[in-house]
Amino acid sequence: MLVSAVGFTLIASALGERSDVLVVARDVPAGHVLEARDLRSVQVAAEGGVVPVADRGRVVGRQTRVPLVRGSLLSRGQFGERAVFPPKGQSEVALAVESGGASPELARGQRVAVLPGPSGLGAAKEGEGEGEEKAPGAVVGTVTGVKASESAGGPRVVTVLTETGAIRRAAGLEHPRVVVLPAQGREAP
């Protein structure tokens, strides 16, 4: 029993060890040169892949390769000599999303599905039989930007990173709706 108690104590203390690592202090676009104010430190139980506070001097002054979201842990692949965004095979599409077409809490970094709005669902294509309707499929991607409406009740501009092949379909959606997807599970509603 004593051996079990000592073993449990050693394992619990090893699992509870925390180290100081760098976290993104504010949203940063791809290609931005990192400044000290863009980073802060936190203590987390992390094994590898994240940048320790001791390496802050090696990070400041480097260019971000991808957009960084406030509060995320900084990893080594996110900065370098030049930006590599958007990644090969992916592109960004900007969508005018009307009031009620997306959650007011929509934010960068969220995985979403872009769907046609109510008026975009019922249009049957020419040559299809009467009564047959073909609803376009959801376009799945990641929010890279949300710009507030320029006028009261006007549309917000939501920028989504998605597969390049889906850009034309996303841009052609009438009255697009943006639905936040769960962190795990199904990709599209």
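Start at 1 with the first residue, then count along the sequence. On a predicted model such as this, the values are computed, not experimentally measured, just so you know.
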Can you tell me how far the [atom1] atom of [X] sits from the [atom2] atom of [Y], to the nearest 0.5 Å?
X      : Y      : atom1 : atom2 : answer
Arg168 : Ser91  : CZ    : OG    : 12.0 Å
Leu73  : Leu68  : CG    : CG    : 11.5 Å
Lys147 : Arg156 : NZ    : CZ    : 13.5 Å
Arg62  : Gln78  : CZ    : CD    : 13.0 Å
Leu161 : Gln90  : CG    : CD    : 4.5 Å

| task | State, to 0.1 Å, how close Ala166 and Val139 come at their nearest heavy-atom pair, and which atoms those are. | result |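 Result for this residue pair: CB-CG1, 3.9 Å.
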| task | Considering non-hydrogen atoms only, spot the tightest contact between Val21 and Val44 and give its length. | result |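 Of all heavy-atom pairs spanning Val21 and Val44, the closest is CG2-CG2, 3.5 Å.
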| message | Under the criterion side chain to side chain contact (heavy atoms under 4.5 Å, CB included), I'd like the reasoning laid out for Leu173 against Leu115: C-alpha separation, chi angles, the key distance, then a yes or no. | response | CA-CA 7 Å; Leu173 293 175; Leu115 304 163; 5.8 Å; no
Would you mind reporting whether [Y] and [X] have side-chain heavy atoms less than 4.5 Å apart?
X      : Y      : result
His175 : Glu98  : yes
Val140 : Arg111 : yes
Arg70  : Arg40  : no
Arg108 : Pro67  : yes
Val179 : Val112 : no
Val160 : Thr144 : no

Main-chain N/O of [Y] paired to [X] side chain as donor or acceptor, under 3.5 Å:
X      : Y      : result
Thr64  : Pro29  : yes
Ser41  : Asp20  : no
Ser149 : Gly154 : yes
Thr159 : Val93  : no

| Residues two or more places apart in sequence or in another chain: which of them pass side chain to side chain contact (heavy atoms under 4.5 Å, CB included) with Val51? |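 With sequence neighbours excluded, Val51 shows a side chain to side chain contact (heavy atoms under 4.5 Å, CB included) to Leu22, Asp55, Val59, Leu74, Arg76, Phe79, given in chain and number order.
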| task | Go through Val178 and Leu106 one step at a time and tell me if the side chain to side chain contact (heavy atoms under 4.5 Å, CB included) criterion holds. | result | CA-CA 9 Å; Val178 179; Leu106 188 65; 4.0 Å; yes
| query | Can you hop from Val50 to Leu34 via hydrophobic side chains spaced under 4.5 Å? | reply |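 As far as the 4.5 Å side-chain criterion goes, Leu34 and Val50 are not connected within one cluster.
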| query | If you group Ile, Leu, Val, Met, Phe, Trp and Tyr by side-chain heavy-atom gaps below 4.5 Å, do Val28 and Val69 land in one group? | reply |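 No; tracing contacts between hydrophobic side chains, which count when under 4.5 Å, never links both residues.
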| task | Under the side chain to side chain contact (heavy atoms under 4.5 Å, CB included) rule, what do Asp38 and Val24 come out as? Steps first, then yes or no, please. | result | CA-CA 6 Å; Asp38 297 327; Val24 180; 5.8 Å; no
| said: Within the supplied structure, the quantity of interest is the number of heavy atoms (other residues, nucleotides, ligands) at a distance under 6.0 Å from Arg56 CZ; does it exceed 12? | reply: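 Enclosed.
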| request: Mark yes when over 12 heavy atoms from residues, nucleotides or ligands other than Glu163 sit less than 6.0 Å from its CD; otherwise mark no. | output: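 No, the 6.0 Å shell around CD holds no more than 12 heavy atoms from other groups.
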